[in-house]
Amino acid sequence: MNLRYLYLLFCILGLVLPYSQFVPWLLEHGLNMSLLLHELFANRISAFFGIDVIVSAIVLISLASSEGARLGMRNIWLPIIAVCLVGGSLGLPLFLYLRQPYLERSR
């Protein structure tokens, strides 16, 4: 299977799976940021996952920015926006999807 198709599949999963949990919560509570943060850090295990996702998002944004600049990639803002709106589950495979043609050209 072509890597780009695999990355595209991961993009779809990275969007659908997290939002399958977030959208029902959003419909029930609205955009209540204080409740969102309270529930995100409600206990140590949820805080562990929350902090892990935040750190991973920062690392991914740094990677996408530096690697995108190094390869001269266009539209590098797309995975950065994806990280901010969904998370690393969409941002990373989208970055890899966009990067793949640049890697193939350099071979």
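Hydrogens, waters and symmetry mates are skipped; everything else that's a heavy atom, side chains included, is used. Positions are given from 1, in the same order as the sequence printed here.
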(request) Kindly indicate whether the side chain of D52, heavy atoms from C-beta on, has any atom under 4.5 Å from the side chain of S56. (result) yes

(request) Identify the heavy atoms of G91 and V83 that sit nearest to each other, and give their distance. (result) CA-CG2, 3.7 Å

(message) Contact between I54 and I58 at the side-chain level, heavy atoms closer than 4.5 Å - yes or no?
(response) yes

(request) Mark yes or no for whether S20, through its side chain, and L17, through its backbone, hold a donor-acceptor pair below 3.5 Å. (result) yes

(message) Would you say that Q100 contacts F95 through its side chain, given a criterion of any heavy-atom pair below 4.5 Å between the two side chains?
(response) no

(message) Taking salt bridge (Lys or Arg N to Asp or Glu O under 4.0 Å) as the cut-off, I'd like each qualifying pair that reaches into residues 86-105, sequence neighbours left out, listed once.
(response) E67-R99

(request) Please examine the side chains of F10 and L94, heavy atoms only from C-beta on, and report whether any two atoms are closer than 4.5 Å. (result) no

(request) May I ask you to decide if L78's main-chain N or O and N75's side chain share a donor-acceptor pair within less than 3.5 Å? (result) no

(message) Please determine whether side-chain contact (heavy atoms from CB on, under 4.5 Å) holds for the pair N32 and S34, giving the CA-CA distance in whole Å, both sets of side-chain angles, and the decisive distance to 0.1 Å.
(response) CA-CA 6 Å; N32 186 340; S34 63; 2.9 Å; yes

(message) I want to check something: taking the side chain as every heavy atom from C-beta on, are L98 and P79 in contact at a cut-off of under 4.5 Å?
(response) yes

(request) Please work out whether the ring planes of W25 and F22 are parallel, tilted or perpendicular, with thresholds of 30° and 60°. (result) parallel

(message) Is the shortest side-chain heavy-atom distance between I80 and S65 below 4.5 Å?
(response) yes

(request) With the side chain counted from C-beta on, respond yes when V86 and S89 share a heavy-atom pair under 4.5 Å apart, and no when they do not. (result) yes

(request) Flag the pair L96 / L6 as yes when at least one side-chain heavy-atom distance between them is below 4.5 Å, and no otherwise. (result) no

